[in-house]
Amino acid sequence: DTEVTQTPKHLVMGMTNKKSLKCEQHMGHRAMYWYKQKAKKPPELMFVYSYEKLSINESVPSRFSPECPNSSLLNLHLHALQPEDSALYLCASSQAIDRGAYEQYFGPGTRLTVT
Amino acid sequence: QQQVKQSPQSLIVQKGGIPIINCAYENTAFDYFPWYQQFPGKGPALLIAIRPDVSEKKEGRFTISFNKSAKQFSLHIMDSQPGDSATYFCAASLEYGNKLVFGAGTILRVKS
């Protein structure tokens, strides 16, 4: 099973709201990722977690706050977002980086609209 | 050096045709080259991948050709079907694959 699940599928939030995106995988992967994808563009890496620790932050604004409570779960907490943050947010997972984390499996994404 | 250049931007072929999508890179440290297929409103799905010690890899109707000296690789879709209509992204990875560098994407339409 190569399934990564994400909830919610769609989210509309105001600029003063606080919301969270959730990602889950049960493949035993120890690396998890958040990507942002704008329309007609490739995914852009935001964060990488390896063994539940943040290993890469691609200079993402602090209004995005990731969290990895355990090896199966990844959250992205959102606060005071801007309309330009509207995008498809993708979660991915892979084997641990020290084992050659080549194959990344993506979830279906959360379509976020900031009003 | 971190870029992967993908072409064409869009492609229309007839059913049964063989669309070819090309990618080029500069950084010789890249050691893994996957292709992803993405349908509208869905996440990218890993289609096929190759490592630089192999010149060609086939999986079903999908073939990757890899030219290490030219630093180019391409995706061929044999006997293309309307259901193959999607956006295709090539990518390359560094550091055991924890950072994927994506090409800009190719929108493929297969006409029936």
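Nothing here was measured: the structure is a model prediction, and the numbers come from that model. Chain letters run A, B, ... following the sequence lines, proteins first, then strands; residues in each count from 1. These values consider heavy atoms only, across backbone and side chains, with no hydrogens, waters or symmetry-generated copies.
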**Message:** Looking at K68(B), I want to see if its NZ is surrounded by more than 12 non-hydrogen atoms of other residues, nucleotides or ligands under 6.0 Å.
**Reply:** no
**Asked** Side-chain contact, heavy-atom cut-off 4.5 Å: L100(B) with Y35(A)?
**Response** yes
**Asked** Using non-hydrogen atoms only, which part of Q37(A) is less than 4.5 Å away from chain B: side chain, backbone, both, or neither?
**Response** side chain
**Message:** Nearest 0.5 Å, please: how far is CG in L46(B) from OG in S94(A)?
**Reply:** 11.0 Å
**Prompt:** Are I21(B) and F73(B) connected, step by step, through hydrophobic side chains (Ile, Leu, Val, Met, Phe, Trp, Tyr) whose heavy atoms are closer than 4.5 Å?
**Reply:** yes
**Item:** Region of P44(B) that comes under 4.5 Å of a non-hydrogen atom in chain A
**Value:** both
**Request:** Determine whether V4(B) and F33(B) fall in the same hydrophobic cluster, where Ile, Leu, Val, Met, Phe, Trp and Tyr are linked whenever their side-chain heavy atoms lie under 4.5 Å apart.
**Result:** yes
**Part of E44(A) within contact of chain B (heavy atom distance under 4.5 Å)** = neither
**Message:** Is Q38(B) close to chain A through its backbone or its side chain, or both, or neither, when contacts mean heavy atoms under 4.5 Å?
**Reply:** side chain
**Message:** Could you measure the distance from the NZ atom of K41(A) to the CZ atom of F102(B)? Nearest 0.5 Å is fine.
**Reply:** 14.5 Å
**Message:** Using a 6.0 Å cut-off, check whether atom CD of Q82(A) has over 12 heavy atoms from anything other than its own residue.
**Reply:** yes
**Prompt:** Would you say L78(A) and L90(A) are hydrophobically clustered, going by side-chain heavy atoms of ILVMFWY under 4.5 Å?
**Reply:** no
**Asked** Taking C-beta and beyond as the side chain, do F106(A) and K42(B) meet within less than 4.5 Å on heavy atoms?
**Response** no
**Message:** Test of understanding: clusters of I, L, V, M, F, W, Y form through side-chain heavy atoms closer than 4.5 Å, transitively. Do M15(A) and L81(A) belong to the same one?
**Reply:** yes
**Closest approach of Y36(B) to Q104(A) (non-hydrogen atoms, all atoms of both residues)** = OH-O, 2.7 Å
**Message:** Would a single hydrophobic cluster contain both L88(A) and Y105(A), if residues Ile, Leu, Val, Met, Phe, Trp and Tyr are joined by side-chain heavy-atom contacts under 4.5 Å?
**Reply:** yes
